[in-house]
Amino acid sequence: MATSMTRTFGALRNVTYSSLKNAEFPRDVRHPGPLFLPVRTKKRYFIPPAVGLKGKKEENPEIKGRAAGIVFRQQYLERPINIACSAGVFDPYIPPEGDARVSALSKEGLKQRTEQIRQSAASQLAIRKIKEHDSQFSTKTFAEQAQEIFIEAHNALIHFNRERLHSLVTERCYPEMTRGNRYKTIRWKFMESLEAPRVVHARCPDMVTKGNLYGQVTVRMHSKQTLAIYDRFGRLMLGSEEQPKDVLEYLVIERHLINPYSRWRLHGKIVPSWAPPKDPVIMTVAIPGPELKPWEEFDALNYEVPKPAAVQWNNYRA
């Protein structure tokens with residue numbers, strides 16, 4: 001390209017010089033300056049990528065890279081799991097309807113008692129497996145131990161002690177207890193036990209591989225508690241600190257049996273289908289007020305909150 005450009009400019013210079021030399025000009029006229037002529041060497045076009053790919057099919061970049069000698073790393077679609085605890089409650093306990101309300105001496109109470117005795121065969125087999133790995137396990141003392149775990153876990157929750165809470169609840173139960181508690185103040189207190197806690201259900205399932213055993217024990221706990229939840233503005237959202245309530249709960253306590261350093265932790269809670277609905281949460285709503293000027297104060301205006309207009313609703317549609 002450089003050689004052809006030099007020859008072109010050289011030829012133009014010789015032709016110009018010869019034409020000026022042969023022409024008759026006065027001697028006082030000076031030699032003209034160098035002559036520059038624009039020469040277009042190549043065509044430059046801008047082709048948008050979308051126009052070029054409009055009629056073509058999308059190529060697989062992996063195939064194109066392999067053809068160019070590029071090795072792509074293989075991608076594995078894996079889902080991480082935690083073997084320190086199980087993913088849920090295996091064969092959950094079904095509480096009898098009317099529990100803590102029906103007397104054990106009544107006809108319905110006797111039916112519930114006989115049904116629990118029939119279903120206790122699988123629990124007895126699970127308790128034997130648990131005792132093989134935990135020699136100190138006993139159904140008589142375990143219920144009291146489970147109640148202490150429950151109380152300590154809730155005390156750690158209201159004080160936001162994460163390290164202590166992780167040691168008392170499983171990795172499955174931790175997000176369920178802490179979800180939605182940010183910017184809230186929790187006041188909880190365990191008053192007394194109305195009935196002695198007792199073990200009502202036990203299972204010993206395995207997960208991932210055979211022999212990887214987990215012990216799950218369901219404890220029935222009937223107690224009196226107080227709970228009050230305040231929002232970030234200090235307004236009461238749920239419950240009351242002065243009015244205790246009777247609470248019937250079925251706690252699931254779990255332990256990884258084959259791990260010698262594991263411990264019993266709170267794993268979940270069973271809510272029966274016949275349980276009464278929870279109290280509604282009182283939400284904080286901002287009421288729009290008057291627009292104040294810089295020199296005005298809200299208390300001096302004696303502003304009254306407007307009441308909503310009465311509306312009559314009916315089922316008639318035009």
Side-chain angles (χ1 to χ4, degrees), residues 89 95 99-101 146-195 197 219-253 265-313:
V89 180
D99 194 6
R101 295 182 182 179
Q147 186 174 354
E148 292 178 0
I149 294 173
F150 173 80
I151 296 173
E152 291 181 10
H154 282 74
N155 288 331
L157 177 64
I158 62 178
H159 292 100
F160 296 98
N161 190 350
R162 297 181 180 180
E163 290 77 10
R164 182 59 178 165
L165 189 60
H166 272 293
S167 64
L168 294 169
V169 301
T170 60
E171 287 75 12
R172 173 188 175 270
C173 183
Y174 181 84
E176 294 182 358
M177 291 185 65
T178 58
R179 187 183 295 115
N181 294 341
R182 195 176 183 181
Y183 305 124
K184 293 182 178 63
T185 304
I186 303 174
R187 295 286 182 264
W188 178 85
K189 189 176 181 182
F190 183 86
M191 304 297 292
E192 60 178 349
S193 293
L194 300 178
E195 296 182 31
V219 178
R220 177 186 180 275
M221 193 176 70
H222 191 198
S223 60
K224 186 174 290 186
Q225 306 171 16
T226 59
L227 174 65
I229 301 177
Y230 300 89
D231 61 3
R232 58 178 178 173
F233 303 108
R235 300 184 178 94
L236 183 65
M237 294 180 61
L238 180 68
S240 173
E241 293 188 56
E242 300 177 355
Q243 183 179 1
K245 286 189 176 182
D246 298 345
V247 183
L248 178 63
E249 295 175 308
Y250 300 91
L251 310 176
V252 180
I253 314 296
R265 297 185 295 174
L266 183 63
H267 186 63
K269 187 185 296 185
I270 297 175
V271 181
S273 58
W274 46 265
K278 296 183 179 180
D279 297 336
V281 178
I282 304 173
M283 303 298 294
T284 301
V285 181
I287 301 176
E291 296 182 1
L292 300 178
K293 296 180 180 179
W295 60 85
E296 293 180 346
E297 294 184 1
F298 181 78
D299 297 336
L301 295 179
N302 296 326
Y303 181 78
E304 295 183 359
V305 179
K307 296 182 180 180
V311 180
Q312 183 178 356
W313 295 91

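- Considering every non-hydrogen atom in both Ala228 and Leu236, the closest pair reads CB-CD1, 4.1 Å.
- At least one side-chain heavy atom of Arg220 sits under 4.5 Å from a side-chain heavy atom of Leu248.
- Atom CG of Leu165 sits about 9.5 Å away from atom NE2 of His154, to the nearest 0.5 Å.
- Using the six-membered ring where Trp is involved, His166 and Tyr174 have ring planes that are parallel, under 30° apart on the 30 and 60° scheme.
- By the side-chain hydrogen bond (donor to acceptor under 3.5 Å, both in side chains) test, Glu148 pairs with no residue at all, sequence neighbours left out.
- With contacts defined as side-chain heavy-atom distances shorter than 4.5 Å, the pair Leu266/Leu168 does not qualify.
- Distance check: Arg232 CZ to Met237 CE gives 11.0 Å after rounding to the nearest 0.5 Å.
- Listed by first and then second residue, the side chain to side chain donor-acceptor pair (under 3.5 Å) pairs that reach into residues 234-243 are Tyr230-Glu241, sequence neighbours excluded.
- Atom CE of residue Met221 and atom CZ of residue Phe190 lie 5.5 Å apart, to the nearest 0.5 angstrom.
- Annotation: side chain of Asp246 is in contact with side chain of Lys224 (closest heavy-atom distance under 4.5 Å).
- For the atom pair CD1 of Ile229 and CD1 of Ile158, the computed distance is 11.5 Å after rounding to the nearest 0.5 Å.
- Atom OG in Ser193 sits 9.0 Å away from atom CD in Gln225 (nearest 0.5 Å).
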Residues 180-187 side chain polar contacts: donor-acceptor under 3.5 Å, at least two apart:
{"residue": "Asn181", "atom": "ND2", "partner": "Met177", "partner atom": "O", "Å": "2.7"}
{"residue": "Lys184", "atom": "NZ", "partner": "Gly180", "partner atom": "O", "Å": "2.9"}

